[in-house]
Amino acid sequence: MEKISGAEALMRSLEHEGVEVLFGYPGGAIMPTYDALYDHKQTLNHILVRHEQAAVHAAQGYARVSGKVGCCIVTSGPGAMNTITGVADAMVDSTPLVVICGQVGAAMLGTDAFQEVDVVGVTQPITKWNFQIRRAEDIAWAVARAFYIASSGRPGPVVLDFTKNAQTALIDYQPQKVDFIRSYNPVPQPSEGAIEQAARMINESVKPFMLVGQGVELANASEELKTLIEKAQIPVGTTFLGLSALPSAHPLNMGKLGMHGNLAPNVMTNQCDLLIAVGMRFDDRVTGNLKNYAKQARIIHFEIDPSEIDKNVKVDLAVVGDCKQTLAAVTPLVDKATHNAWIEGFKPYDEKEFNKVIRPALYPTEGPILMGEVVNKVSEAAHHKAILVTDVGQNQMFGCRYFRFTQPRSVVTSGGCGTMGFGIPAAIGATFGAPDRTVCMFSGDGGFQMTIQELGTIMEQQCPVKMILLNNNYLGNVRQWQYMFFNKRYSFTPMANPDFGKIAEGYGIPCRTVVERSELDGAIREMLDTDGPFLLQVAVLEEENVLPMTPPGGNVDEMLLEVK
């Protein structure tokens, strides 16, 4: 058997796992691996980002739209540390990643050698698993194990810390496959008793309401979801990460949950007699004040991760397992039902929100351009078939509120961490994960500048990202909170911005800036008709607020429809 280097063994192991795209940035401690990568350019498409944080966010975007494991490679020390934000983001949002970091040679560990950082110690709390590869003989096993753990059960990030001596040592290489780890049970077998009890509770319910999270999309269970809710006529509210699990236009889709969600599903959460949570974790932005959250209802929690059961909300029944299996198992046992009066009860709240908030936000006739107006027009022009990527802030809230969806895996946003700067690199990754789809990325002027260097990656790769910059010259979300809760004291939220058009021009990216409403439709069409990347900058109302809003610490059914 031919002896090969550990770096070459890594390349072959990645190919064995089916990796096609890598995002990364080279450096001293990972240089042997990059040297080996030079001979694998035909099979491993390496995308050179401009900052290591962007490598992780791009891998997240790739994973979220493709359903595959995202993979990135960086060097040791500062290179590895620059990935930490993305790793933590992937952990809380259940995104499957394998992050490979260079490390000093094993003999130098613990000596404070140049660019040595305890990557395993730092990342242990924010990964599903991490491992330091000190011997080349462990590479095939470690890579196979990493991809299995990252992708199985509730997905998440894995970090491999790859010492330099392991990269250069010569070994006999044999690919490995891992599909079982003792004491690791990624997909618990659902209890037949729990399935039967869930069906009984659904059949007994007069006012059932289902909360759908990203877990449905991670399990590829959108069809199973539709079959169940259509048979039992169960209205649905979605979390922001679960927005595209059910088509926006589905008659049982009652809208978005949470602090900036829709009025009806939030109010009806506290009026239903049965709350059915599927693939969601009862995040505080969804529940509001837990002391007054759905106290009138019995609660069923369909969840793959047992640690989420009773963590935030005490439930009456846990159905633990893969929701693709558990939803399918429950459906034959539920009665075909109608809940017309209950479903009709959502409509007055929908009408109230539409008249008070949505119509003014989407269809203004005068004054400055509004963010929701832009989002709505882009979604309509893309026939609601595009992938939505957002940064974080008001652009994220307006984007998730007013973009609409017709197919799964169409939302890429930073949920649990709320990472500003996520948008541009995540959109880059999405173009590689779903090359046949249109990717529309919304950002504010604050988040856009946090990873603005990735315009270089877009330029080099000609990633067809349609970037919509909603420029209000503020850190808008923080400004809104200052307006509402800090006596309008705008402490360091106004922003002096550069000429984004000139910056785009410097990167060779077509750009158009819109100030007048009359120009907006034509500019959107130009953006979507342009091959490759495009930056559409829209000057929007500076002090616009996202509404409705549940005040922090407020009850989920006490949403504000206006602020004074």
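Side chains included, hydrogens not; waters and symmetry mates left out as well; all remaining heavy atoms used.
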Mind checking the CE-OG1 spacing from M259 to T550? Nearest 0.5 Å is all I need.
6.5 Å
Return yes if a side-chain donor-acceptor contact under 3.5 Å exists between N376 and R404, otherwise no.
yes
The reported gap from OG1 in T390 to CZ in F422 (rounded to nearest 0.5 angstrom) is 7.5 Å
Does any part of the side chain of V563, heavy atoms only, come nearer than 4.5 Å to the side chain of Q480, both counted from C-beta?
no
Verify the neighbour count for atom CZ of F486: are there more than 12 heavy atoms of other residues, nucleotides or ligands below 6.0 Å?
no
Is a donor on one side and an acceptor on the other found under 3.5 Å between the side chain of S205 and the backbone of M201?
no
I'd like to know whether the aromatic ring centres of F282 and H301 sit less than 6.0 Å apart in this structure.
yes
What's the shortest heavy-atom distance between H260 and F240, and which atoms?
O-CZ, 3.9 Å
Nearest 0.5 Å please: distance from the CG atom of L246 over to the CD atom of E223.
10.0 Å
Should V357 and P548 count as side-chain neighbours, where that means a heavy-atom distance under 4.5 Å?
yes
Closest heavy-atom pair and its distance - I387, A434:
CD1-CB, 3.7 Å
When rounded to the nearest 0.5 angstrom, what distance separates NZ in K347 from CZ in F354?
14.5 Å
Mind checking whether W342 and F209 have parallel, tilted or perpendicular rings, split at 30° and 60°?
perpendicular
Would you say the side chain of I234 lies within less than 4.5 Å of the side chain of I276, judging by non-hydrogen atoms?
yes
Give, for atom CG of L547 and atom CD of E562, the distance between the pair rounded to the nearest 0.5 Å.
8.5 Å
Going through the distances and angles, do F432 and V439 end up as a side-chain contact (heavy atoms from CB on, under 4.5 Å)?
CA-CA 10 Å; F432 287 96; V439 176; over 6 Å; no
Determine, stepwise, if the pair E308 / R281 fulfils salt bridge (Lys or Arg N to Asp or Glu O under 4.0 Å).
CA-CA 6 Å; E308 291 293 346; R281 57 189 180 85; 5.6 Å; no
Return yes when atom NZ of K226 has more than 12 non-hydrogen atoms of other residues, nucleotides or ligands closer than 6.0 Å, and no otherwise.
yes
Is any NZ, NE, NH1 or NH2 atom of the basic residue among D283 and R285 found under 4.0 Å from an Asp or Glu carboxylate oxygen of the other?
no
Would T493 and Q482 count as having a side-chain donor-acceptor pair, cut-off 3.5 Å?
yes
Looking at every non-hydrogen atom in both residues, tell me the closest pair between L370 and V540 and how far apart they are.
C-CG1, 4.4 Å
With a 4.5 Å heavy-atom cut-off, do I300 and D316 have their side chains touching?
no
Check: V206 main-chain N/O paired with D273 side-chain donor or acceptor under 3.5 Å
yes
Return the minimal non-hydrogen interatomic distance between A232 and I202, and the atom names on each side.
CB-CG2, 4.2 Å
H339 side chain reached by K207 side chain, heavy atoms, under 4.5 Å:
no
Is any NZ, NE, NH1 or NH2 atom of the basic residue among R401 and E353 found under 4.0 Å from an Asp or Glu carboxylate oxygen of the other?
yes
Would you say the side-chain atoms of K68 pair up with the backbone N or O of A63, donor to acceptor, closer than 3.5 Å?
no
With distance as the sole test, does N262 use its side chain to make a donor-acceptor pair with the main-chain N or O of K256 at under 3.5 Å?
yes
side-chain contact (heavy atoms from CB on, under 4.5 Å) between T239 and V212: does it pass, once the steps are laid out?
CA-CA 6 Å; T239 69; V212 169; over 6 Å; no
Without hydrogens or angle criteria, can the side chains of Q53 and H57 be said to hold a donor-acceptor pair below 3.5 Å?
yes
Min side-chain heavy-atom separation V216-S222 under 4.5 Å:
yes
Any side-chain heavy-atom pair from C71 and V21 closer than 4.5 angstrom?
no
Checking N395 against S443: is there a side-chain donor and acceptor pair closer than 3.5 Å?
no
Could you tell me whether the side chain of L252 reaches within less than 4.5 Å of the side chain of Q233, counting heavy atoms only?
yes
Looking only at heavy atoms, the pair that brings A219 and D322 closest together is CB-OD1, 3.3 Å
Do N292 and N555 meet the criterion of a side-chain donor-acceptor pair at a distance under 3.5 Å?
yes
When you compare the side chains of D305 and S307, does any donor N or O come within less than 3.5 Å of an acceptor on the partner?
yes
Are a donor atom and an acceptor atom from the side chains of E230 and H250 found within less than 3.5 Å of each other?
yes
Within the distance-only criterion (no hydrogens, no angle test), does the side chain of N130 pair as donor or acceptor with the backbone N or O of V120 below 3.5 angstrom?
yes
Do you know the tightest heavy-atom contact between K177 and E17?
NZ-OE1, 4.5 Å
Donor-acceptor pairs are to be reported for all side-chain atoms of residues 82-98 against protein atoms at under 3.5 Å, with residues two or more places apart or in another chain.
from	atom 1	to	atom 2	distance (Å)
N82	ND2	E52	OE1	2.9
N82	ND2	P78	O	3.2
T83	OG1	A80	O	2.6
D89	OD1	Q60	NE2	2.9
D89	OD2	S414	OG	2.5
D89	OD2	T419	OG1	2.7
D93	OD1	G416	N	2.9
D93	OD2	G415	N	2.8
S94	OG	R154	NE	2.9

Any salt bridge between R298 and E204, counting N to O under 4.0 Å?
yes
K324 (side chain) donor-acceptor with N220 (main chain) under 3.5 angstrom:
yes
Can a side-chain donor-acceptor contact be found between Q394 and E544 if the only test is distance below 3.5 angstrom?
no
K377 versus Y402, side-chain donor and acceptor atoms under 3.5 Å:
no
Hydrogens and angles aside, do H384 and S379 bring a side-chain donor and acceptor to less than 3.5 Å of each other?
yes
Could you go step by step and tell me if V315 and D310 meet the side-chain contact (heavy atoms from CB on, under 4.5 Å) rule?
CA-CA 6 Å; V315 303; D310 293 335; 3.4 Å; yes
Does a donor on one side chain sit under 3.5 Å from an acceptor on the other, for E217 and S244?
yes
Kindly determine whether L290 and T287 satisfy side-chain contact (heavy atoms from CB on, under 4.5 Å), including the steps that lead there.
CA-CA 6 Å; L290 285 171; T287 65; 3.5 Å; yes
Classify the ring geometry of F403 against F405: parallel below 30°, tilted from 30° to 60°, perpendicular beyond 60°.
tilted
Report yes if the distance between the aromatic ring centroids of W129 and F131 is under 6.0 Å, otherwise no.
yes
How long is the straight-line distance from OG1 of T238 back to CE of M280, given to the nearest 0.5 Å?
10.0 Å
Which is it for R479 and N472 under the side-chain hydrogen bond (donor to acceptor under 3.5 Å, both in side chains) test, yes or no, and what are the steps along the way?
CA-CA 11 Å; R479 183 213 55 78; N472 60 5; over 6 Å; no
Are a donor atom and an acceptor atom from the side chains of S152 and Y184 found within less than 3.5 Å of each other?
yes
Does the side chain of T331 pick up a donor-acceptor pair with the side chain of T227 at under 3.5 Å?
no
Within a 6.0 Å radius of atom NZ on K356, are there more than 12 heavy atoms belonging to other residues, nucleotides or ligands?
no
